[in-house]
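First the structure, in the form of structure tokens, and then the observations on it.
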Amino acid sequence: GELLFVDSFGMNSPKTKDAVAFLKSFDKVHGLEKLGTKKMNAALITTFEKDVNVSKSFANVGSVFVSEIRNINPLDLLKYKYLVIGNPEKSVEIIKERLTK
């Protein structure tokens with residue numbers, strides 16, 4: 001699959017239109033061209049902490065699942081073609097902590 005780090009999702013209110021625009025904004029990035037165009041391209045979007053706006057925005061996008069980074073597991077990573085990690089600095093720290101326990 002493909003891995004993508006984003007600083008912020010920029011969603012101030014829950015709107016599916018914003019979620020679809022977010023996915024389509026990666027059309028010109030090598031390896032991510034089909035992220036927002038094909039229904040079968042499954043993406044796991046992780047947030048550092050619970051973000052209601054992100055969760056509700058992507059709720060109507062069938063191929064996308066939103067979860068907090070602390071809740072992901074290896075099976076989740078195998079199920080999805082794309083992994084989008086929000087707030088990478090803090091998220092990577094959580095992953096490191098989990099790997100050292």
Side-chain angles (χ1 to χ4, degrees):
E2 301 291 333
L3 175 64
L4 175 66
F5 292 102
V6 295
D7 289 329
S8 166
F9 294 100
M11 295 182 187
N12 298 326
S13 60
K15 294 182 181 174
T16 303
K17 178 181 171 184
D18 292 344
V20 171
F22 174 83
L23 295 174
K24 288 187 178 186
S25 69
F26 298 104
D27 286 351
K28 294 191 177 22
V29 178
H30 180 68
L32 302 173
E33 301 91 352
K34 297 178 182 178
L35 177 61
T37 58
K38 296 214 175 189
K39 290 184 179 184
M40 299 308 289
N41 287 335
L44 172 60
I45 295 181
T46 64
T47 58
F48 170 68
E49 54 193 9
K50 186 170 179 120
D51 189 330
V52 176
N53 291 332
V54 172
S55 296
K56 286 184 176 181
S57 294
F58 286 103
N60 290 329
V61 181
S63 61
V64 175
F65 180 72
V66 178
S67 178
E68 290 178 58
I69 192 75
R70 65 184 175 90
N71 294 331
I72 65 168
N73 60 54
L75 183 59
D76 289 335
L77 299 177
L78 294 172
K79 264 196 314 194
Y80 297 95
K81 181 173 182 170
Y82 299 100
L83 174 61
V84 181
I85 297 178
N87 198 343
E89 295 85 14
K90 292 181 180 179
S91 295
V92 169
E93 286 301 317
I94 290 175
I95 293 170
K96 281 175 154 177
E97 287 176 21
R98 286 184 63 188
L99 290 174
T100 58
K101 290 184 179 180

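These numbers come from a predicted model, not from an experiment.
I94 and L3 fall within a single hydrophobic cluster, where Ile, Leu, Val, Met, Phe, Trp and Tyr are joined by side-chain heavy atoms under 4.5 Å apart, directly or via other members. Residues V20 and F65 do not share a hydrophobic cluster, defined by chaining ILVMFWY side chains whose heavy atoms lie under 4.5 Å apart. Hydrophobic clustering, with ILVMFWY side chains joined whenever heavy atoms are under 4.5 angstrom apart, keeps V64 apart from I85. Clustering ILVMFWY residues whenever any of their side-chain heavy atoms sit less than 4.5 angstrom apart, transitively, puts F5 in the very cluster that holds F48. Criterion: ILVMFWY side-chain heavy atoms under 4.5 Å apart, direct or through other members. Under it, L44 and V92 are part of a common hydrophobic cluster.
The shortest side-chain heavy-atom distance between N87 and S8 does not fall under the 4.5 Å cut-off. Between K96 and L99, the closest side-chain pair of non-hydrogen atoms is not below 4.5 Å. Side-chain atoms of M11 and F22, non-hydrogen and from C-beta on, do get closer than 4.5 Å to each other.
The side-chain contact (heavy atoms from CB on, under 4.5 Å) test with F58 singles out one residue from T16, V84, L23, N53, and that residue is L23.
Shown here is N12, whose CG atom has no more than 12 heavy atoms of other residues, nucleotides or ligands within 6.0 Å.
A distance of 6.0 Å separates CG in L32 from OH in Y82, rounded to the nearest 0.5 Å. In this structure, K56 NZ and D18 CG are separated by 14.5 Å, a value rounded to the nearest 0.5 Å. In this structure, NE2 on H30 lies 7.5 Å from CD on E2, to the nearest 0.5 angstrom. Between I95 atom CD1 and I69 atom CD1 the span is 4.0 Å, to the nearest 0.5 Å. Atoms CD and CD1, on E68 and I45 in that order, are 14.5 Å from each other to the nearest 0.5 Å.
Remark: side-chain polar atoms of T47 are not paired, donor with acceptor, to backbone N or O of G86 under 3.5 angstrom.
Considering all non-hydrogen atoms of both residues, Y80 and D76 come closest at CD1-O, 3.0 Å. The shortest heavy-atom contact between A19 and S57 is CB-O, 3.3 Å.
For E93, the side chain to side chain donor-acceptor pair (under 3.5 Å) criterion is met by no residue, not counting sequence neighbours.
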